[in-house]
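Inspection log for the structure reproduced underneath, given as structure tokens.
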Amino acid sequence: MTTTEAPLSVDKPRSPARPAARRSNFELYSWIFMRLSGVVLLFLVLGHLLIMLFLDGGVHRINFAFVAGRWASPFWQFWDLTMLWLAGLHGGNGLRTVINDYSRSDRTRFWLKMLLYCSIVLTVVLGTYVLFTFDPNIS
Amino acid sequence: MASTTATAAEGRPREEAPRAKGTLYRGDLGMWSWVAHRITGVLTFFFLFVHVLDTALVRVSPNAYDTVINTYKHPLMIVFELGLLAAVLFHAFNGIRVMLVDFWSRGPRLQRPMLWTVLVLWLVLIIPAAISMIARAATELFGG
């Protein structure tokens, strides 16, 4: 399909390579999602950074026992789970936009997005698994 | 009169018509805030990837987790912690600005003062954070 060889060239608006009509509202919903998740992440992430980097000695007090103590409370479990999912999807969608913007050919665009989707699924699924099966008495 | 118009049209250099070749939009402050928003977002995404993997080690063994977390406690790691904090804070405040531009009727007109507000707020938070982190690292390195 369209391979952008010359830098900074833009398809003519009426060129036939462009889809004739919009088929779904996916981009609209992802645009709204970025804003809604952004507001929630603002509080979750800044709170997380404040607790982990500054309060009570910051990163120096973090160890397995500290994590076990936090995840004993459903509040922090829910906090971390929400943060994991929203950050994964918000960041993933942001990187999808960046890849769409800067890939020069459809093939690189496709493979970069496949790599991105695999890494999002890996982190979100692995993180969820760890949160739900965490065992404070593991040896 | 018609002849004057014709000469004016002919007098315009032909090469100027297709402007696309080699012309770079140099933008304004708004473009640079957009660039910075992208860069800070991508950096934060890569940290998130690593961070989920290191936290997942709590499912392997306490020892494995503590060993990896100890690398974060090296005094020199504050460079990365400060970098992450700087990226996240800018992305967060500029994100609010983006939302205000999108959803607030006066947002587009005030985008520039809002960017200065973002930068001032960013400095107000990042300077004390940097001082407290560097002080902690310094006592550890030299006066522990």
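So you know, we letter chains A, B, ... as the sequences are listed, proteins then strands, and number each from 1.
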[X], [atom1]: over 12 other non-hydrogen atoms inside 6.0 angstrom:
X	atom1	value
A/Y117	OH	yes
A/W31	CH2	yes
A/W111	CH2	no
B/D102	CG	yes
A/Y29	OH	no

Beyond-backbone contact of A/T123 with B/L48, side-chain heavy atoms, under 4.5 angstrom
no
Cut-off 4.5 Å, heavy atoms of chain A, and the answer for B/S61 is both
Tell me, for B/A129 versus chain A, whether the close heavy atoms (under 4.5 Å) come from the side chain, the backbone, both or neither.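 Both parts, backbone and side chain.
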As an exercise: rank [options] by heavy-atom pairs under 4.5 Å with chain B and give me the winner.
options	result
A/R35, A/M34, A/H90	A/R35
A/L131, A/V130, A/V39	A/V130
A/G88, A/G127, A/S119, A/G38	A/S119
A/V45, A/L42, A/L84, A/I120	A/L42

Among B/V58, B/V52, B/L57, the residue with the most heavy-atom pairs under 4.5 Å to chain A is B/V58
- prompt: If you count heavy-atom pairs under 4.5 Å between each of B/R136, B/H91, B/M99 and chain A, which one has the most?
  reply: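 Counting heavy-atom pairs under 4.5 Å, the top option is B/R136.
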- Query: Are B/R59 and A/D135 close enough for a salt bridge, meaning some N to O gap below 4.0 Å?
  - Reply: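 No, no charged N to carboxylate O under 4.0 Å.
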Could you look at [X] and say if it's the side chain, the backbone, both or neither that has a heavy atom under 4.5 Å from chain B?
X	answer
A/L95	side chain
A/I138	both
A/Y102	side chain
A/L122	side chain
A/V124	neither
A/L50	neither
A/L41	neither

Identify whether [X] and [Y] are in the same connected component of the hydrophobic contact network (ILVMFWY, side-chain heavy atoms under 4.5 Å).
X	Y	value
A/F26	A/L28	no
B/M133	B/I131	yes
A/L36	B/V98	no
A/W79	A/V40	yes
B/V50	B/F45	yes

Less than 3.5 Å apart, which donor and acceptor atoms pair up between the side chains of residues 59-69 of chain A and the rest of the protein, not counting sequence neighbours?
from, atom 1, to, atom 2, distance (Å)
A/H60, NE2, B/E140, OE1, 3.1
A/R61, NH1, A/I51, O, 3.1
A/R61, NH1, A/L55, O, 3.0
A/R61, NH1, A/G58, O, 2.8
A/R61, NH2, A/I51, O, 2.8
A/N63, OD1, A/A65, N, 3.1
A/N63, OD1, A/F66, N, 2.9

If contact means a heavy atom pair closer than 4.5 Å, which residues of residues 68-85 of chain B contact chain A?
->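 Checking residues 68-85 of chain B against chain A gives B/I69, B/Y72, B/K73, B/E81, B/L84, B/L85.
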